[in-house]
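In what follows, a structure is listed as structure tokens, so that the remarks can point back to it.
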Amino acid sequence: MSATIKELLASEAVRDGVVAQGWVRTRRDSKAFSFLELNDGSCLKNLQCIVDEGIPGYEHIAQCTTGAAVRIDGRLVASRGGAQKWEVQATAVTLLGGADESFPLQKKGHSPEFLRTIAHLRPRTSLYGSVFRVRSRLAYAVHRFFQERGFFYVHTPIITASDCEGAGEMFRVTTLAPGADDFTKDFFAKQAFLTVSGQLEGETMATALGKIYTFGPTFRAENSNTTRHAAEFWMIEPEMAFCDLAQDMDMAEAQVKYLAQSMLDESPEEVEFLGKFVDKGLRERLEFVVNRPFERLSYTEAVAILQRSGKSFEYPVAYGQNLQSEHERWLTEEHCRCPVTVFNYPKDIKPFYMRLNDDGQTVAAMDLLVPGIGEIVGGSQREERLDQLQANMAQHGLSEEAYGWYVDLRRYGSVPHAGYGLGFERMLMFVTGVPNIRDVIPFARTPGHCEF
RNA sequence: UCCUGAGUAGCUCAGCGGCAGAGCGGGUGACUGUUAAUCACUAGGUCGUAGGUUCGAACCCUACCUCAGGAGCCA
């Protein structure tokens, strides 16, 4: 393998016999030579190459247009121009793959709406290249965070037969012909779906290995058309035995801080670039998240604060109702001006598995809200008491048969345990400042869209 | 799914009842150690679709389609 442009630009000294391979971002011609700027995706910066008339391959310079794949052999030397430290004085140029005038990416900026229509080419832009480099590093940081803390990475099923995990509409998985509805003849001899959460299975692993996490694709068939929802996304779900809600919140907040810190440490080039073109306050926000403690409010306190805010919301604030987006945004963006964790929600607006508090009215649930995105983490302490869980299930109309294995966890060696779900793409939006979830995943799946 | 807004050249947009426009990009040429280079010339259009109003519609009206933003659902 030849050196990447990232490696070449990090050189300490002049280097002979270098090979640079990449895609032409721009070409500027002089009478007797051309400037060729190459990008290979290894970093944000381009490598400027000087291609003199007469070197081997120069006869094809006209085809080395924006988008073309090119190999440059030459010498890495200090640049005579001011905009870059190093450049390559080419001794040979090879056109690997041309790109004719129909190549849709121009040197100038394009709208995200247009780039979504050419999602197969947009990673070649500075913005999407940055986002997808960050995506890789952030995914690795997620694993590092957990592995450093003794968590085990577990793989929960993608295909599930549980049809009411309480997290929205599900995609059906079937081998039956269209129109057939005898599920006893289906592949699994019953209805099957794509998972909307690995939590319940995660609990079985946590009550054996102690601290576990999942990090995998998740599917929701909701007809959601927003900047924050995708039908296929990646979710991180830790589950911890011998853990209560307070410790759960500690972990979620520590993780958000850790991931923000990793962005600052590992992607400084992208922080600067995204701060310039996408979100002016990006660095400031990341440093703020890393350095300042998060706020923590009970649902009851949050409602009281909202009610005496004097702010006129489109939807009134009422105890017992879910907080609206505008309420959450006001809390995190204007009242606290920092990430805020809201906990202990009324039991009637939360799922059956959340632990009933001693007041008999609220459950040990928590949502971590961040400025600009809203809810980024949702979690809870789980109901570990057998009789209480059974009562909850009855109340929610769930059959104990279908969830016998889940109830067994309370029947045999039950322990307090807790966990949360962190939307990976939402975290990516938060650390990059990119305002639309469709721009932080290579190929977004949303209602009506399954292209590429 | 609901609400709001927008669809005009490859891209970004102006034009808002009377000849279809600009910048960028593309092509051709000139020029220059250039930096989203510069200069000149040039090609490029079913004004989202279908109806309607009008002497005349890109422009006004209706429906539909598509996209975007907001809401709900949530991560």
Side-chain angles (χ1 to χ4, degrees), chain A residues 25-37 45-52 62 65-67 77 79-84 87 89 99-118 125-126 165-169 196-199 214-237 252 256 277 313-315 321-329 349-351 367-370 373-379 420-430 435-441 446-449:
Chain A
R25 280 294 176 81
T26 178
R27 191 183 87 224
R28 294 178 291 274
D29 294 321
S30 284
K31 195 174 203 75
F33 64 96
S34 293
F35 294 102
L36 218 48
E37 282 201 36
K45 289 197 175 74
N46 300 329
L47 178 67
Q48 174 164 288
C49 301
I50 317 301
V51 182
D52 285 330
T65 51
T66 301
V77 298
S79 178
R80 287 158 62 184
Q84 58 280 317
E87 64 187 22
Q89 183 68 47
D100 69 17
E101 63 278 1
S102 65
F103 183 67
L105 292 174
Q106 304 174 4
K107 297 171 199 177
K108 299 214 169 183
H110 288 291
S111 67
E113 293 81 10
F114 171 66
L115 291 168
R116 279 172 215 150
T117 69
I118 51 168
T125 65
S126 295
E165 292 180 33
E169 293 295 311
V196 293
S197 166
Q199 181 204 314
T214 71
F215 183 7
T218 307
F219 307 89
R220 306 263 169 100
E222 295 290 346
N223 191 8
S224 298
N225 290 287
T226 80
T227 54
R228 309 179 302 286
H229 290 85
E232 177 185 291
F233 63 100
W234 287 64
M235 188 153 65
I236 298 147
E237 295 185 286
V256 170
F277 293 104
F313 294 105
E314 192 181 338
Y315 295 89
Q321 302 286 301
N322 251 319
L323 297 178
Q324 303 284 319
S325 281
E326 57 173 343
H327 305 148
E328 295 182 340
R329 269 206 318 276
I349 58 174
K350 290 294 181 182
D367 284 347
L368 202 170
L369 314 175
V370 296
I373 313 280
E375 185 180 341
I376 199 167
V377 172
Y420 59 86
L422 168 64
F424 183 61
E425 283 78 14
R426 288 196 183 168
M427 191 67 214
L428 206 43
M429 291 166 71
F430 186 60
N436 195 311
I437 198 168
R438 288 170 283 215
D439 299 322
V440 297
I441 189 165
T446 53
H449 289 283

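To find a chain, count down the sequence lines: A is the first, B the second, and so on, and within it residues start at 1. Below, all heavy atoms of this structure are taken into account, side chains as well, without hydrogens, waters or symmetry copies.
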Got a donor-acceptor pair under 3.5 Å from the side chain of [X] to the base of [N]?
| X | N | result |
| --- | --- | --- |
| A:H110 | B:C11 | no |
| A:S224 | B:C73 | yes |
| A:E87 | B:G33 | yes |
| A:N225 | B:U1 | yes |

Return no unless some side-chain N or O of [X] is found under 4.0 Å from OP1 or OP2 of [N].
| X | N | value |
| --- | --- | --- |
| A:K107 | B:A37 | yes |
| A:T227 | B:G70 | yes |
| A:N436 | B:G69 | yes |
| A:S325 | B:G72 | yes |
| A:R28 | B:A37 | yes |
| A:R228 | B:G69 | no |
| A:R438 | B:A68 | yes |
| A:Q324 | B:G72 | yes |
| A:S111 | B:U12 | yes |

What is the separation between atom [atom1] on [X] and atom [atom2] on [N], rounded to the nearest whole Å?
| X | N | atom1 | atom2 | answer |
| --- | --- | --- | --- | --- |
| A:E328 | B:A71 | CD | P | 10 Å |
| A:E314 | B:G72 | CD | C1' | 11 Å |
| A:Q321 | B:A71 | CD | P | 18 Å |

Margin query: Tell me whether A:K350 at atom NZ has more than 12 heavy atoms from other residues, nucleotides or ligands lying less than 6.0 Å away.
Written below: yes

Margin query: Checking side-chain polar atoms at under 3.5 Å, does A:E101 have a donor or acceptor matched by the opposite partner on A:T65?
Written below: no

Next item on the list: Ignoring hydrogens and angles, state whether a donor on the side chain of A:H449 or A:T446 is under 3.5 Å from an acceptor on the partner side chain.
Entry: no

Item checked: Along RNA chain B (nearest heavy atom to each residue), the more 5'-positioned of A:M235 and A:H449 ->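 Looking at RNA chain B, the more 5' nearest nucleotide goes with A:H449.
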
Notebook entry, point to check: A:G448 or A:R329: which one's nearest nucleotide on RNA chain B is closer to the 5' end?
Noted result: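 Nearer the 5' end of the strand: A:G448.
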
Next item on the list: Report the C-alpha separation of A:M427 and A:I376 in whole Å, then their side-chain angles, then the decisive distance to 0.1 Å, and conclude whether the side chain to side chain contact (heavy atoms under 4.5 Å, CB included) test is met.
Entry: CA-CA 7 Å; A:M427 191 67 214; A:I376 199 167; 3.7 Å; yes

Check: How is A:Q48 classified with respect to the nucleic acid when contacts are heavy atoms under 4.0 Å: base, sugar-phosphate, or nothing?
Finding: base

Margin query: Can you tell me if A:F233 is stacked onto the base of B:A75, using a 5.5 Å centroid cut-off and an angle below 30°?
Written below: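 According to the criterion (under 5.5 Å, under 30°), yes, A:F233 stacks.
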
Checklist line | Test log, rule salt bridge (Lys or Arg N to Asp or Glu O under 4.0 Å), inputs A:R28 and A:E37 | finding: CA-CA 9 Å; A:R28 294 178 291 274; A:E37 282 201 36; 3.0 Å; yes

